[in-house]
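First comes the structure, then the notes that go with it.
One-based numbering, in listed order, for ligands and for the atoms of each.
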Amino acid sequence: MIEWLEECDSTNTCLLERARLGVPSGSVLATRKQTGGRGRRGRSWVSAPGDSLTFSLLWRFTEGMPLAGLSLAVGVAVADVIGEGVQLKWPNDILQKGRKVGGILIELIGMAAVIGIGLNLRLPDALPEEVRASAGALGSDLSHEAWLAQLLPVLMDTLKKFERDGFSGLRERWFSLNAHADAWVRILSEGAPLLEGYCRGVDAEGALLLETTTGIQRVLSGDVSLRLV
Ligand code: BTN
């Protein structure tokens, strides 16, 4: 079920291909050397060989079930495994001491979700300057295999819980991990300011609840990003 690849352009891309060919739910592809990692909003995910744990998990959901809030649910699972001082930045950045140590990219083919997770164990030398400014690393002595072995059972349990109760069952936990709880934040769309307000958590669909001067606005993740003002 878990396959370690010597090298791979993107574990998400490889697993998406395999998902189309019918590999079962629970299949995992992992690598220490990802050469063309992809992030949210068309960005790339840079990781030097050996510095990051990069893997993707395929999960086949029941036809028709709502998947809103899935990436937040996955964030909760990852945060619970890392423990110590970890926080989540909506929609799905994993922060430690205010720095981004991991990211989540979920891609769907119908009801099959390819859940890609990148975690910086050490900080790659090759990071672009603008990424380095906000990036961090877990600085852990645990091996890639040990991290994966800890993450997978928690992730799978969380996905089963999500299948049963949707995101609403994990919402309180997400609140407690929210890096920007009650802070004044700005929502950017394609780099341009879109909205500002107090971050009042998320609703049962995983939409950000922003208290603006004109009342509460729901922000859907799509192409937006959040900044602390
Ligand atoms: C983000 O923060 O923008 C999401 C980054 C997701 C990176 C992971 S690494 C494993 C998987 N394969 C990819 O190409 N991307 C995800």
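- More than 12 heavy atoms of other residues, nucleotides or ligands lie within 6.0 Å of CZ in F61, so this atom counts as buried by the packing criterion.
- The side chain to side chain donor-acceptor pair (under 3.5 Å) test applied to R171 returns no partner, not counting sequence neighbours.
- Residues satisfying the salt bridge (charged side-chain N to carboxylate O under 4.0 Å, His left out) criterion with E7, sequence neighbours excluded, are K33.
- With hydrogens and angles left out, the side-chain atoms of T54 and S52 include no donor and acceptor closer than 3.5 Å.
- Listed by chain and number, S10, T11, N12, Q34, G37, R38, G39, R40, W45, T54, F55, S56, D93, K100, G103, I104, L105, G116, I117, G118 each place a non-hydrogen atom less than 4.0 angstrom from ligand 1.
- For K100, the side chain to side chain donor-acceptor pair (under 3.5 Å) partners are D93, not counting sequence neighbours.
- Taking the charged nitrogens against the carboxylate oxygens, D51 and R32 have no contact shorter than 4.0 Å, which rules out a salt bridge.
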